[in-house]
Amino acid sequence: MHVFLPDGQRLDLAHGATAADAAAAIGPGLARAAVGARVDGALADLLTPLPEGVRLAIVTKRDADDVLTLQRHTLAHVLAQAVREALVAEGHAPDSVRMGIGPVIEHGFYYDFDLPRTLTPEDLEDLEARMRAIIEARLPLRRYEVPRDEALAHWRAQGDPYKVELIEDLPEGVTISFYEQGGGDGFTDLCRGPHVPSTGDVTPHFKLMSVAGAYWRGDETRPMMQRVYGVAFATAEELEHHLWQLEEARRRDHRKLGAELDLYVLDEDVGPGLPLWLPRGAVLVEQIERLAKEMEEAAGYQQVRTPHVSKEQLFLKSGHLPYYADSMYPPMELEHVRYYMKPMNCPFHHKIFAARPRSYRDLPLRLSEYGTCYRYEDSGALMGLMRVRSMNMNDAHIYCTEEQFEAEFLAVVDLYLRYFELFGIEDYVMRFSKHAPDGLGKKYVDEPELWLRTEEMTRRALQHGGINFVEVDDEAAFYGPKIDVQIRSAIGREFTLATNQVDFAVPARFDLNYIDEHNQRRTPLCLHRAPLSTHERLIGFLIEHFAGDFPLWLAPEQVRIVPIADRHVEPARGLQARFRAAGLRSEVDASNERMQAKIRDAELYKVPYTVILGDKEIEAEEVAFRSRQEPERRGVPVAVFEAHLVEHARLRTLSMPPLGG
RNA sequence: GCCAAUGUAGCUCAGUGGUAGAGCAGCCGAUUCGUAAUCGGCAGGUCGUCAGUUCGAAUCUGACCAUUGGCUCCA
């Protein structure tokens with residue numbers, strides 16, 4: 001047989017040769033340096049027989065990313081071996097330690113186990129020590145293939161339902177391979193690879209992070225496995241850097257900053273996922289709403305207001321109850337009528353559309369509302385402000401004709417982009433979520449042709465708009481495809497921020513119609529859009545995005561006035577009144593503290609500007625100020641300072657330029 | 001929802017069966033100060049809740065509540 005090397009040269013090898021054999025044939029230096037291989041571009045290991053005629057590249061330490069991927073995968077096996085060792089040492093039967101899967105993930109690896117006892121965080125240290133011993137033992141890995149029947153018989157005999165299921169689900173004809181390390185007394189796993197050739201080739205710069213529950217194959221009806229997570233890097237510095245980044249992320253976690261900056265609280269007596277906005281947090285909400293109202297007014301939206309509860313029949317008509325009941329607060333019954341808290345505004349807006357006959361001249365009709373909705377999210381899914389049960393939607397519904405759809409859709413996407421620019425949001429993914437045919441009639445309304453047509457309309461609109469996006473199956477809303485904008489929280493969890501959903505189904509259920517230019521009744525399309533998500537999630541995200549250092553226009557307190565001595569308190573209050581009259585949010589620190597302490601408090605509170613007021617300033621009608629974005633300044637006329645702040649608050653400047661320049 | 005960990009003063013935390021502690025924040029007083037913590041005093045807790053074991057429970061047991069991590073990355 002033969003393979004082709006990266007330079008195009010043909011290399012002849014014996015039948016069944018592996019990448020290790022190929023490396024040896026090329027030269028002893030390469031054989032020593034080889035850790036893995038790329039076979040027709042795909043990452044592979046040294047142990048797998050090469051197919052005929054492939055392009056082969058040997059992976060060495062220089063191919064850092066590839067090596068790390070192989071190492072992380074092998075680390076998962078080393079972890080599994082360590083777990084079995086540890087439990088067997090405690091007297092558990094080897095067969096009682098069952099292995100699920102152990103893949104490579106971002107930053108590291110995990111392995112899922114079904115164990116005779118629960119692992120605790122304290123176990124991780126012992127497991128790490130065992131892993132290091134296995135690495136130091138430099139156990140060679142051996143790969144071998146087994147016929148399907150034999151493999152099944154082997155695991156059935158072991159009474160291991162997980163591996164049996166995995167093999168059964170493999171398509172006929174796929175090679176079933178095992179990787180063994182440390183011989184018969186070591187560890188063997190059903191695995192397709194690829195791995196490093198020896199446990200000694202594994203990076204020692206790893207750390208076990210946590211134990212967590214995870215459903216077998218991600219299915220909540222299946223057994224709960226115990227998952228151990230680990231991170232691994234090529235160097236000690238990278239591992240340390242990663243751990244440092246985790247620390248940094250915790251520092252900007254909106255739950256921590258939300259408490260430190262007095263933005264919101266969650267109170268046990270109020271209930272999980274029901275945040276209370278403190279005055280400082282309410283300023284953020286108010287500023288966001290003002291922004292949205294300005295933008296939407298300019299874009300031709302009309303504001304409406306609707307109740308928080310309604311009769312059951314509204315949600316039956318909308319189709320929410322059959323599809324969405326699990327996420328709704330249970331009903332309250334009054335005089336034999338059931339009422340529900342609203343999980344969404346749309347049914348109300350549909351009723352507003354239907355409140356009078358509509359002409360094609362009324363379209364597009366854009367109705368917006370900042371209504372509070374209530375969703376009974378799974379308790380385990382709640383997280384600070386990012387996932388809550390009471391939320392202020394930045395919501396609107398656009399009723400339009402099919403001909404108007406593309407322009408309306410792109411106008412909404414454009415609105416997102418302007419918001420993102422204003423907030424300096426650059427790190428996001430636009431996701432085009434489509435239906436899955438097998439969910440029709442269950443997760444999705446049963447209209448196969450309409451699905452395909454609206455998905456095509458949406459895709460075309462995105463392409464015409466030159467928007468970068470990824471397509472995802474089986475993530476659509478029940479009434480149509482949608483665009484989600486995914487962002488990451490400080491601690492790396494993904495959330496949907498903006499959303500833009502096409503609804504071809506619910507307007508018909510509400511019998512919404514308009515009279516077209518040929519005097520025909522027609523059903524409008526509806527676009528659901530929430531470019532700023534909910535106020536809760538947006539603000540949660542912005543806290544982390546800005547690490548609490550809000551741009552001036554958003555900052556709960558824009559100017560802190562620090563009088564140097566008691567005799568400066570009254571003039572300070574005068575200055576505060578002046579700032580307030582100019583529309584600036586300002587506080588005086590009249591506490592009986594030294595100036596340094598007051599400055600420190602203002603800095604820790606992340607107030608954008610701190611004005612120091614003493615005899616000199618009062619005398620000359622000047623301020624001395626500290627800003628979080630420019631060096632300390634003295635002797636600035638009050639009027640100049642004030643005008644600078646007022647101007648940039650008005651412009652919603654993201655990053656304040658130095659005063660005067 | 002499920003698996004696990006955690007829960008002591010507003011915040012951060014100490015206290016492992018024998019009289020609940022510290023620092024910061026708060027209040028009072030002194031100090032009146034020029035760019036990141038002045039000094040002294042006082043006050044503050046049903047130890048998440050409820051039940052149990054015990055002569056005695058923050059501490060041991062159970063249930064519940066809340067918070068946190070995880071439950072997607074296809075052997």
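Chain identifiers are assigned alphabetically (A, B, ...) following the order of the sequence lines, protein sequences preceding nucleic acid strands; residue numbering begins at 1 within each chain. Keep in mind that this is a model prediction, so the values were computed, not measured.
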Query raised in the report: Base, sugar-phosphate, or nothing for A/Gly614, non-hydrogen atoms under 4.0 angstrom?
Result: base

Query - Between B/G48 and B/A43 - C1' atom distance, rounded Å - result: 24 Å

**Report entry** Separation between the P atoms of B/A57 and B/G17, rounded to whole Å
**Finding:** 14 Å

Query - Base-pairing mate for B/G52 - Watson-Crick or G-U, with both contacts under 3.5 Å - result: B/C60

Query raised in the report: Should we say atom CD of A/Glu621 is surrounded by more than 12 heavy atoms from elsewhere, each under 6.0 Å from it?
Result: no

Query raised in the report: In the strands shown, is B/A30 matched to any nucleotide by a Watson-Crick or G-U wobble pair with both distances under 3.5 Å, and which?
Result: B/U38

Requested in this report: Assign A/Ile564 to base, sugar-phosphate, or nothing according to its heavy-atom contacts below 4.0 angstrom with the strands shown.
Outcome: base

Report task. Determine the Euclidean distance between corresponding C1' atoms of B/C27 and B/G44; express it in Å to zero decimal places. Result -> 10 Å

Query - Spacing of the P atoms in B/C47 and B/U19 (rounded, Å) - result: 15 Å

**Report entry** Base B/G1 paired with A/Glu377 side chain (donor-acceptor, <3.5 Å)
**Finding:** no

Requested in this report: Just call it for A/Phe178: base, sugar-phosphate, or nothing, with non-hydrogen atoms closer than 4.0 Å on any strand.
Outcome: nothing

Query raised in the report: For A/Ile167, which contact category applies under a 4.0 Å heavy-atom criterion: base, sugar-phosphate, or nothing?
Result: nothing

**Report entry** Side-chain-base donor-acceptor pair under 3.5 Å for A/Tyr110 and B/G70
**Finding:** no

Query raised in the report: Which residue, A/Thr120 or A/Val211, contacts RNA chain B at a nucleotide closer to its 5' end, judged by nearest heavy atom?
Result: A/Thr120

Query - Whole-angstrom distance between B/G10 and B/G45, as gauged at atom C1' - result: 12 Å

Query raised in the report: For B/U38, does either OP1 or OP2 sit under 4.0 Å from a side-chain N or O belonging to A/Arg594?
Result: yes

Report task. Remember a base hit wins even if backbone is also touched, and classify A/Glu593 as base, sugar-phosphate or nothing at under 4.0 Å, heavy atoms. Result -> base

Requested in this report: Would you indicate, yes or no, if B/A75 has its OP1 or OP2 atom less than 4.0 angstrom from a side-chain nitrogen or oxygen of A/Tyr162?
Outcome: no

Requested in this report: Name the nucleic acid region contacted by A/Glu220, choosing base, sugar-phosphate or nothing; use a 4.0 angstrom heavy-atom cut-off, strictly under.
Outcome: nothing

Query raised in the report: What nucleic acid atoms does A/Ser177 come within less than 4.0 Å of, heavy atoms only: base, sugar-phosphate, or nothing?
Result: base

Report task. Please determine, for the side chain of A/Met224, which listed nucleotide (B/C3, B/G1, B/U35) has the closest atom? Result -> B/C3

Query raised in the report: Which of the following nucleotides, B/A36, B/U38, B/C73, is nearest to the side chain of A/Ala597?
Result: B/U38

Query raised in the report: Are any of A/Arg626's side-chain N or O atoms less than 4.0 Å away from OP1 or OP2 of B/A36?
Result: yes

Query raised in the report: Salt bridge or not for A/Glu603 and A/Arg600, using N-O below 4.0 Å?
Result: no

Query raised in the report: Watson-Crick or G-U wobble partner for B/U6, using a 3.5 Å limit on both distances?
Result: B/A66

Query raised in the report: Do the charged groups of A/Asp169 and A/Arg217 touch, with an N to O distance under 4.0 Å?
Result: yes

Query - A/Glu622 bridged to A/Lys616 by N-O distance under 4.0 Å - result: no

Query - Same-atom distance (C1') from B/C24 to B/G69, integer angstrom - result: 28 Å

Query raised in the report: Just to confirm, is there a sub-4.0 Å distance from OP1 or OP2 of B/G69 to any side-chain nitrogen or oxygen of A/Arg255?
Result: yes

Requested in this report: Describe the nucleic acid contact of A/Ser327 in one word from base, sugar-phosphate, nothing, applying a heavy-atom distance below 4.0 Å.
Outcome: nothing

Query raised in the report: Contact class for A/Leu119 (heavy atom, under 4.0 Å): base, sugar-phosphate, or nothing?
Result: nothing

Query raised in the report: Mind checking the P distance from B/A51 to B/A58? Whole angstroms is fine.
Result: 14 Å

**Report entry** Upstream residue (5' side of RNA chain B) when A/Ile101 and A/Arg227 are each assigned their closest nucleotide
**Finding:** A/Arg227

Query raised in the report: With respect to the side chain of A/Met595, which nucleotide from B/A75, B/G34, B/A36 is positioned closest?
Result: B/G34

Requested in this report: Kindly assign one of parallel, tilted or perpendicular to the pair A/Tyr329 and A/Tyr374, based on the angle between their ring planes and the thresholds 30° and 60°.
Outcome: perpendicular

Query raised in the report: What do you reckon, are the aromatic ring centroids of A/Phe109 and A/Tyr111 less than 6.0 Å apart?
Result: no

Report summary line: Among B/A36, B/C74, B/C71, the one nearest any side-chain atom of A/Pro103 is B/C74

Report task. Pick base, sugar-phosphate or nothing for A/Ala602, based on heavy-atom distances below 4.0 Å to the nucleic acid. Result -> nothing

Report summary line: Out of B/U32, B/U35, B/G69, minimum distance to the side chain of A/Ala212 belongs to B/G69

Query raised in the report: Which is true for A/Ala624 with a 4.0 Å heavy-atom rule: it touches a base, it touches only sugar-phosphate, or it touches nothing?
Result: base

Query raised in the report: How would you label the contact of A/Arg634 with the nucleic acid (heavy atoms, under 4.0 Å): base, sugar-phosphate, or nothing?
Result: base

Query - For atom NE2 of A/His568 and atom P of B/U35, their distance in whole Å - result: 14 Å

Query raised in the report: Should the pair A/Arg156-A/Glu168 be classified as a salt bridge under the 4.0 Å nitrogen-to-oxygen rule?
Result: yes

Query raised in the report: Rounding to a whole Å, what distance do you find between A/Ile599:CD1 and B/C33:C1'?
Result: 11 Å

Requested in this report: Write down the distance separating the P atoms in B/C13 and B/A30, rounded off to the nearest Å.
Outcome: 36 Å

Report task. Could you please spell out the steps behind the ring-ring contact (aromatic ring centres under 6.0 Å, His included) verdict for A/Phe641 and A/Tyr609? Result -> CA-CA 10 Å; A/Phe641 176 77; A/Tyr609 286 90; 5.6 Å; yes

Report task. Look at all strands and tell whether A/Thr118 reaches a base, only sugar-phosphate, or nothing, counting heavy atoms closer than 4.0 Å. Result -> sugar-phosphate

